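All figures in this text were calculated on a predicted structure; none of them were measured in a lab.
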Amino acid sequence: MCRCIPDYVSGKTAETGVLQIFLDNDKVTMAFYPHILHKNQIVPLNGQNKSKQLHYLESISFGSTFDVNGTILPRGIENNGDNNIHK
């Protein structure tokens with residue numbers, strides 16, 4: 001059996017995610033979906049763990065923020081998740 005993810009990966013180094021890019025004519029939007037490496041699998045995060053990872057990424061990102069769905073927005077624009085801005 002091939003183990004593509006080493007067993008020693010844990011803590012902050014196990015945090016990962018999926019970046020999805022939406023192209024609609026001249027408009028480009030992106031969303032980040034937090035995941036974690038657990039038992040050699042990539043597992044999506046939810047709830048408080050998802051929020052914690054998005055807040056951390058926001059703290060190290062220049063000029064951008066995340067809404068509750070993971071959509072990446074210019075800092076200062078708020079989206080409560082009710083509007084799907086990439087459709």
Side-chain angles (χ1 to χ4, degrees):
M1 181 169 97
C2 172
R3 290 189 168 207
C4 300
I5 302 167
D7 291 333
Y8 59 82
V9 176
S10 63
K12 280 285 197 199
T13 58
E15 293 179 358
T16 188
V18 174
L19 176 66
Q20 189 169 18
I21 300 173
F22 303 91
L23 306 172
D24 184 17
N25 294 321
D26 292 337
K27 186 175 181 177
V28 177
T29 55
M30 296 181 285
F32 182 80
Y33 305 105
H35 287 63
I36 194 162
L37 304 174
H38 179 70
K39 295 184 179 179
N40 297 319
Q41 303 256 335
I42 299 172
V43 180
L45 291 176
N46 53 41
Q48 187 177 6
N49 291 327
K50 176 182 175 182
S51 294
K52 185 177 175 182
Q53 192 180 40
L54 288 174
H55 281 105
Y56 170 72
L57 289 172
E58 193 172 273
S59 75
I60 62 170
S61 298
F62 178 76
S64 61
T65 188
F66 298 85
D67 73 4
V68 295
N69 295 318
T71 301
I72 302 170
L73 303 166
R75 198 171 294 278
I77 295 179
E78 294 182 21
N79 180 6
N80 63 9
D82 294 336
N83 301 321
N84 192 344
I85 66 168
H86 39 67
K87 283 192 177 179

Exercise. Where do Phe66 and Ile72 land on the side chain to side chain contact (heavy atoms under 4.5 Å, CB included) test, with the steps shown first?
Worked result: CA-CA 5 Å; Phe66 298 85; Ile72 302 170; 3.4 Å; yes
Problem set entry | Pairing residues for Ile60 by the side-chain contact (heavy atoms from CB on, under 4.5 Å) criterion, not counting sequence neighbours | Tyr56, Leu57
Minimum heavy-atom distance [X]-[Y], with the two atoms named:
X	Y	value
Leu45	Gln53	CD1-OE1, 3.6 Å
Gly17	Phe32	CA-CZ, 3.4 Å
Val68	Lys50	O-NZ, 3.6 Å

Exercise. Is Asp67 reaching over with its side chain to a backbone N or O of Asn69, donor-acceptor style, under 3.5 angstrom?
Worked result: yes
Output the distance between atom [atom1] ([X]) and atom [atom2] ([Y]), rounded to the nearest 0.5 Å.
X	Y	atom1	atom2	result
Ser59	Leu54	OG	CG	11.0 Å
Gln48	His55	CD	NE2	10.5 Å
Ile36	Ile42	CD1	CD1	11.5 Å

